[in-house]
Amino acid sequence: MSIRRISLPPRRPLKIFALDPMLGRVAGNSISIDVATEPLRPGPVGSRISVVDYDGERRTYYEPINLNSADILMQGGLDPSEADPRFHQQMVYAVAMKVIENFERALGRKITFRPYRKRPQLMLLPHAFRGANAYYDRQHQRILFGYFQADQSDPGPNLPGQNVFTCLSHDIIAHEMTHAIVDSLREHFIEPSNRDVWAFHEGFSDIVAIFQHFSFADILLDQIQSRGPDLRSPTPLVSLAQQFGYATGKGDALRSAIDLPDPRLYQQVTEPHDRGSILVAAVFDAFFNTYQRRIRDVIRIGTGGTGRLPEGDLHPDLVKVVSDEASKTAQGMLSMCIRAFEYLPPVDITYGDYLRALVTADYELSPQDPRGLRGALIEAFRVRGIFPRGVSSLAEESLLWPRVERELPPFPTDLLGKLFVRDVTVAQKFRDFDGIGQIDAINKAKKVDQRIFVRQLREYAKANAAALALDPDRELRVLGFHFVFRVASDGQLLIELVVQFDQFDDSEQEELGGLLFRGGTTVIASAEGTVRYVIAKPLRSAHGAGAAQRDAETRFQQQREFAIHCSLEDPHFAWCKDMYAKNHMAEAAKAGFAAIHRSIR
């Protein structure tokens, strides 16, 4: 008699602190989330996340958690504990995987990280150093979480002097994971070529962290029951990293999604976190207004037509319906924000570019906009003074990236089918991961075909440089290419190819603080190779003309002015050597997120 093999369940439940350990006494803060089941080694170490618990202060390794251990499996992961390093490991893994899943659901493809010394995973170090900080280290493909003692004089709800672990904050983990994923999607967004680049990184990372709060059903229900459906009130749902903010003596959460719209702020604020908060508030404003419209009828029915909710506890059924609508709208907004990445240029991102990408990406998926999200976003950006360049109005049709009008030759597609099959194979192998050697073997099998296809793409770009807003006289690079899988509004599977090209001009590097002046183009084509969108940031070129060249000149002058502004704000300039003065922007880009998060603010 043959014994039927019992397969693993597709999802693995793991317990986490939903918001912050400081709120551990609040009912519902200790929750269980589920992530995709994958083979794990102690750490945990999976196909894309490797948790290595080395304490840099004590110079010791903590015992790694084995999530496949029977006693841990039976209780759905360890119970939340500030004192057990194994729970810290469990929490960073669970939240990191949840962030990855949100990106993959929205983008329709697998998220991978650049390998470091043949290690294919992003490394997470829960106790990397002593300090009130946490940051993504792009050079070594790792995220380092610090720990510190709460302020003695103004610790808020914390004990004076207690240890505070950044690795136990859902918001900090989600924020830093988003930095890592954004860096894998757009590698040049670390270069501060204008005021919005670093601010976009910070603001977008906060957006992901805050909107993940709305997937925690019990906390959402409790907040709506106790405070009503107005989600703009100052609650943990719309606040970021409360324990960290209080423990450092700030007296409040680190940041909030709520603001009073002031168009002057976008013109004046340059600090990345503060400027990023403008983006967060605009997106949250659009979410809230959409959510309010969608619950209007429910509130009208629940109040007998008055629209005024009674004092005291709300009816549980009303709370459940409102909570479900808030969760669905938040997930829709988060997916929309992530999906827009496919429609961004590869260099020199601005908030205006992001608004156009948001509108275009959502229009491609849902031309009718039944939830009214696009209109709400446009208005939220408008009242904060954020206006894209090169548009005639803020009408939706004007904000859409223009479709390719002049027919371009189709992309070389003779290898696409083979590469597509290989991509599916890699996705399957990641699910069956059993070691670095296996991934190496798969990647080696792909590299030959990929190199040929990259060469074909480069030749195609050279032959069609003018139409792609590229300079045929400059070297160009294929930054990457990938397939996107989505379900279109007609219910059909939509497969697209996204390719990124970049170029640079180093002739006036010293004027830009050592940074290169980069140009680049994102090309979106159908699976058959028909080019649909060309989203470009051109260089100044002898071959260029008209609006493209005016845009290139404007971008150069703005990058130059921003480099001057940063030099005036840099305290090192009072005593620095000439070499630093000539390369201060390049040095800032090299320092990366450790420099941006110097005080984590």
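The structure presented is a predicted model; accordingly, all values stated were derived computationally and were not measured.
- For Gln292, the side-chain contact (heavy atoms from CB on, under 4.5 Å) partners two or more places apart in sequence, or in a different chain, are Phe288, Ile295.
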request  = Please assess Thr350 against Asp353 for the test side chain to side chain donor-acceptor pair (under 3.5 Å), listing each intermediate value before the final yes or no.
outcome  = CA-CA 5 Å; Thr350 67; Asp353 296 332; 3.1 Å; yes
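- More than 12 non-hydrogen atoms from other residues, nucleotides or ligands lie less than 6.0 angstrom from CD of Gln268.
- Met333 places a side-chain heavy atom less than 4.5 Å from the side chain of Leu377.
- Aromatic ring pairs are classed by plane angle as parallel below 30°, tilted from 30° to 60° and perpendicular above 60°; the pair Phe211 and Phe214 is tilted.
- The side-chain contact (heavy atoms from CB on, under 4.5 Å) search around Arg296 returns Arg293, Arg300, not counting sequence neighbours.
- Applying the side chain to side chain contact (heavy atoms under 4.5 Å, CB included) test between Pro126 and each of Ile173, Val92, Ile143 identifies Val92 as the sole match.
- In terms of the salt bridge (Lys or Arg N to Asp or Glu O under 4.0 Å) criterion, Asp317 has no residue partners (sequence neighbours excluded).
- Between His213 and His170, the two ring planes are tilted [angle within 30° to 60°].
- With sequence neighbours left out, the salt bridge (Lys or Arg N to Asp or Glu O under 4.0 Å) criterion links Arg12 to no other residue.
- When side chains are defined from C-beta on, Tyr135 counts as touching Leu144, because their heavy atoms get closer than 4.5 Å.
- Among residues at least two apart or in separate chains, ring-ring contact (aromatic ring centres under 6.0 Å, His included) pairs with a member in residues 323-376 are Phe200-Phe341, Phe200-Tyr354, Phe204-Phe341, Tyr266-Tyr351, Tyr343-Tyr533.
- In this structure a side-chain-to-backbone donor-acceptor pair under 3.5 Å is present from Arg275 to Val269.
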key: Check against salt bridge (Lys or Arg N to Asp or Glu O under 4.0 Å), Arg109 and Glu496   = CA-CA 11 Å; Arg109 60 186 174 95; Glu496 292 180 322; over 6 Å; no
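- Within the 4.5 Å cutoff, no side-chain heavy atoms of Phe481 are placed close to those of Gln500.
- Gln121 places no side-chain N or O within donor-acceptor distance of the main-chain N or O of Met123, the cut-off being under 3.5 Å.
- Residues satisfying the side-chain contact (heavy atoms from CB on, under 4.5 Å) test with Ala380, not counting sequence neighbours, are Ala282, Asp285, Ala286, Arg384.
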